[in-house]
Number of protein chains: 2
Amino acid sequence: MKKILIVDDDAELRMSLSEILKGAGYLTDEAASGNEAITKIFSEDFDIALLDLMMPGMNGIEALKEIRMIGPKPKAIMITAFATIDNAVDAIKKGASDYISKPFKMDELLTTIRRVLEEASFESSIKKLDIEHTMISLSNPIRRNIMRMLNTMPGMRLMEICRELGIEEHTKVVFHMKMLKESGIIEQDKEKAYSLTKEGEKAMDFLKALDNYL
Amino acid sequence: MKKILIVDDDAELRMSLSEILKGAGYLTDEAASGNEAITKIFSEDFDIALLDLMMPGMNGIEALKEIRMIGPKPKAIMITAFATIDNAVDAIKKGASDYISKPFKMDELLTTIRRVLEEASFESSIKKLDIEHTMISLSNPIRRNIMRMLNTMPGMRLMEICRELGIEEHTKVVFHMKMLKESGIIEQDKEKAYSLTKEGEKAMDFLKALDNYL
DNA sequence: CGATTATGTGAACAAGAATTGACAGGTAAG
DNA sequence: CTTACCTGTCAATTCTTGTTCACATAATCG
C-alpha cells in the first residue's frame with residue numbers, strides 16, 4: 001500500500017484530495033505547511049509527496065529542497081495554480097518528479113501518481129541489482145584481495161596478480177577477474193592492464209570501512 | 001619476508017641496525033626523519049617501524065600519530081635514550097606496539113620484533129575471519145532484508161519475519177537466522193525474539209552506506 | 001625462426017550454499 | 001485434553017560458485 005503525503009495550506013483541498021486518493025487505494029496523510037511536511041517525512045516513510053508550490057511560510061520549492069536533504073524518498077509532485085515554465089524547470093531541477101497545474105482533472109493526477117510510482121519502483125529495482133553485483137564480488141576473499149591490489153597498484157596485469165596472490169593456476173584468477181569485470185568493478189585497457197572503475201573505487205571505500213572497523 | 005623501516009637521524013645507528021636486521025632475515029629500509037618515514041610508509045607497505053623518540057624536526061611521537069592516521073600498518077616500536085614512564089605510556093596510548101630504551105642488546109630488539117610481528121599476524125587472522133563471516137552474511141538478499149527488518153523493528157520473532165518476507169517455508173528462514181547468529185550479527189533473547197547485536201549494527205551501517213551510494 | 005610467456009575459453013568436476021520435506025518438542029487457547 | 005501454532009533439527013536434494021584441466025591464440029624474446 002503506497003503512502004502519499006498531501007502538503008497544502010488549504011484544508012478543504014487537502015480533505016478532498018485525501019478522500020479521492022483513499023478511494024483510489026492509497027494511504028494518505030496531510031500537512032498544512034512545509035515545516036509540518038518535513039517533520040512527518042522525517043519520522044515516517046512516504047512514497048509520494050504532493051507539494052503545493054504556493055504556501056505561506058516555506059514555499060513548495062524550499063520544502064522540496066529540505067526533503068531532498070533527507071533522502072531520495074518521497075518522490076515529489078509539485079502542484080501550482082500559477083504555472084510557468086520557469087517554475088516547472090526549477091522544480092524538476094530541484095528534484096521534483098513531476099509538475100501539475102491547477103485546475104487539474106482527478107484522472108490527470110492519478111495517472112501522474114501511477115507513473116511516478118512506477119518510475120520509483122524501476123529505479124529501486126536497478127539499485128537492488130547493483131548491490132547484488134557488488135556484494136557478490138565482495139563476498140569472496142580472492143576478489144577482495146584483487147581489489148585491494150588494484151587499489152594500491154592500478155595497471156597490474158594478469159600474471160603479476162597471480163604471482164602476488166601466490167596462485168599457481170592462472171585460470172582461477174581469470175575466473176575472478178571476469179566476475180569483477182562483469183560487476184563493473186574493474187576494467188581493462190588495450191594493454192590488458194587492469195584497474196578499478198569508479199564503481200570499484202566506491203566498493204573499495206566500503207571494503208576499507210569494513211577493514212577498519214574490524 | 002617481513003619489512004622493517006628504521007627511522008633515526010643517526011646514520012651510523014641506522015646502518016648498523018639495518019645490517020643486523022638483514023642478517024636476521026628481514027628486509028629493511030631507512031628514513032632519517034619523521035617526514036621521510038611518512039612518505040615511505042605512504043608508498044610502501046612495512047610490517048614494523050622502529051622509531052627513535054628523539055629526532056630533530058618531527059619527533060617520534062608526532063611521527064607515530066601521523067602514521068596511525070594512514071592506517072593500522074606498520075606496527076611501531078619506539079626507541080629512546082631517555083626512557084621515562086610518561087613517555088612510554090604516551091607512546092603506547094598513541095598506538096605504539098612496544099617501547100625499548102637505549103642502550104639495548106640486539107637480542108632484546110630481535111625478541112621484541114618477533115613478538116610484535118606475532119601479535120600482528122594474530123590480529124589480522126582474527127580480522128579476516130570476522131570479515132569473512134560478515135561478508136557471507138551480507139552477501140545474501142534474504143539475510144540483508146532480515147537485517148533491515150530487525151534494524152527498524154527489533155524483537156521480531158520467527159514467524160513474524162517469515163510473514164513479513166512472504167516466505168512460506170519457515171525452515172528456510174531458520175537457516176538464514178542461524179547463519180546470522182553464527183556470524184554474530186543477530187542474537188536472540190529468552191523470549192526467542194531476535195535483534196541486531198552491536199556487530200550487527202555496524203554491519204547495518206555498511207549496508208546503509210551501500211544502499212545510499214546506489 | 002622456435003621457444004617461452006601471457007591471456008584467455010570451455011567443459012567437467014568438486015565444494016559450498018540454499019531449499020525442501022519429514023519430524024518433534026513446546027506453549028497457549030479452547 | 002485436544003488442537004493449533006511456533007520454533008527448531010536433520011537429512012536429502014538441488015542450485016550456485018569455485019576449481020581444475022585441456023586446449024587455443026597472441027605477444028615477446030633470444
Side-chain angles (χ1 to χ4, degrees), chain A residues 128-150 153-197 203 207, chain B residues 128-150 153-197 203 207:
Chain A
K128 260 180 218 136
L129 254 178
D130 252 351
I131 288 196
E132 203 56 24
H133 262 129
T134 308
M135 287 302 331
I136 287 171
S137 291
L138 286 172
S139 72
N140 178 296
I142 296 180
R143 290 195 289 271
R144 286 200 297 275
N145 281 331
I146 292 173
M147 287 173 61
R148 291 197 186 97
M149 285 176 45
L150 289 178
M153 322 180 235
M156 288 184 84
R157 294 243 265 318
L158 185 66
M159 290 319 273
E160 300 180 74
I161 294 173
C162 289
R163 279 187 286 269
E164 191 77 17
L165 291 172
I167 292 177
E168 304 289 307
E169 308 79 8
H170 72 286
T171 44
K172 185 194 247 178
V173 177
V174 170
F175 168 78
H176 290 292
M177 298 310 270
K178 217 163 159 186
M179 291 200 70
L180 287 168
K181 262 193 280 181
E182 279 165 10
S183 316
I185 286 185
I186 65 173
E187 60 191 352
Q188 219 176 355
D189 61 19
K190 330 88 215 163
E191 262 76 46
K192 310 264 173 185
Y194 291 97
S195 55
L196 292 177
T197 61
L207 237 190
Chain B
K128 258 178 220 140
L129 254 177
D130 254 350
I131 288 194
E132 202 57 23
H133 263 129
T134 308
M135 274 301 176
I136 287 172
S137 290
L138 287 172
S139 71
N140 178 297
I142 295 181
R143 290 194 289 272
R144 287 200 298 274
N145 281 331
I146 292 173
M147 287 173 61
R148 290 198 186 98
M149 285 176 45
L150 289 177
M153 323 181 235
M156 288 185 84
R157 294 244 263 318
L158 186 66
M159 289 321 272
E160 300 181 73
I161 294 172
C162 289
R163 279 188 287 267
E164 191 77 17
L165 290 171
I167 292 178
E168 304 288 308
E169 308 79 8
H170 70 287
T171 45
K172 184 194 246 177
V173 176
V174 171
F175 168 79
H176 291 292
M177 297 311 269
K178 217 164 159 185
M179 292 201 70
L180 286 168
K181 262 193 279 182
E182 279 164 11
S183 315
I185 286 184
I186 65 173
E187 61 191 351
Q188 218 175 357
D189 61 20
K190 330 87 215 164
E191 262 76 47
K192 311 265 174 185
Y194 291 95
S195 56
L196 290 179
T197 61
L207 239 191

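Convention: sequence-line order gives letters A, B, ...; per-chain numbering from 1.
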I'd like to check [X] versus [Y] (side-chain heavy atoms, cut-off strictly below 4.5 Å). Are they in contact?
X        : Y        : answer
A:Asn145 : A:Arg148 : yes
A:Glu160 : A:Met153 : no
B:Leu207 : B:Arg144 : yes
A:His133 : A:Ile185 : no
B:Met177 : B:Ile161 : yes

Would you kindly give the [atom1]-to-[atom2] distance between [X] and [N], to the nearest whole Å?
X        : N      : atom1 : atom2 : value
A:Arg163 : C:dT5  : CZ    : P     : 10 Å
B:Leu165 : C:dA18 : CG    : P     : 15 Å
B:Ile142 : C:dA17 : CD1   : P     : 15 Å
A:Ile167 : C:dG8  : CD1   : P     : 16 Å
A:Ile146 : C:dT7  : CD1   : P     : 13 Å

| said: Please check: side-chain N/O of B:Ser195 versus main-chain N/O of B:Pro154, any donor-acceptor pairing under 3.5 Å? | reply: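 Not at all, since once roles are kept as given, no pair shorter than 3.5 Å links the two residues.
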| Test item: A:Arg143 side-chain N/O and A:Leu138 main-chain N/O as donor-acceptor pair under 3.5 Å |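 No, A:Arg143 side chain to A:Leu138 backbone: no donor-acceptor pair under 3.5 Å.
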| message | To the nearest 0.5 Å, what is the distance between CD1 on B:Ile136 and CD1 on B:Ile131? | response |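 Reported value, rounded in 0.5 Å steps: 11.5 Å.
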| field | Distance in Å, A:Arg157 CZ paired with A:Asp189 CG, rounded so as to fall on 0.5 Å steps | value |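 With rounding to 0.5 Å, CZ (A:Arg157) is 8.5 Å from CG (A:Asp189).
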Under 3.5 Å, which protein N or O atoms sit close to an N or O of nucleotides 20-30 of chain C? Give each pair with its distance.
from   : atom 1 : to       : atom 2 : distance (Å)
C:dT20 : OP2    : B:Glu169 : OE1    : 3.4

| Only one of B:His176, B:Glu187, B:Gln188 clears side chain to side chain donor-acceptor pair (under 3.5 Å) with B:Lys181; which? |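 Between B:Lys181 and the candidates, side chain to side chain donor-acceptor pair (under 3.5 Å) is satisfied uniquely by B:Gln188.
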Give a yes/no answer on whether the side chain of [X] brings an N or O atom under 4.0 Å of OP1 or OP2 in [N].
X        : N      : result
A:Arg157 : C:dA6  : no
B:Asn140 : C:dA17 : no
B:Arg143 : C:dA17 : no

| field | Contact boundaries on DNA chain D for chain A, cut-off under 4.0 Å to non-hydrogen atoms | value |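 Footprint of chain A along DNA chain D, 5' to 3': D:dG18 to D:dA22.
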| field | Within residues 177-194 of chain A: residues closer than 4.0 Å to DNA chain C (heavy atoms) | value |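 Heavy-atom cutoff 4.0 Å gives A:Lys178, A:Gln188, A:Lys192, A:Tyr194.
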| Does a donor on one side chain sit under 3.5 Å from an acceptor on the other, for A:Ser183 and A:Ser137? |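 Side-chain D/A pair, A:Ser183 to A:Ser137: present.
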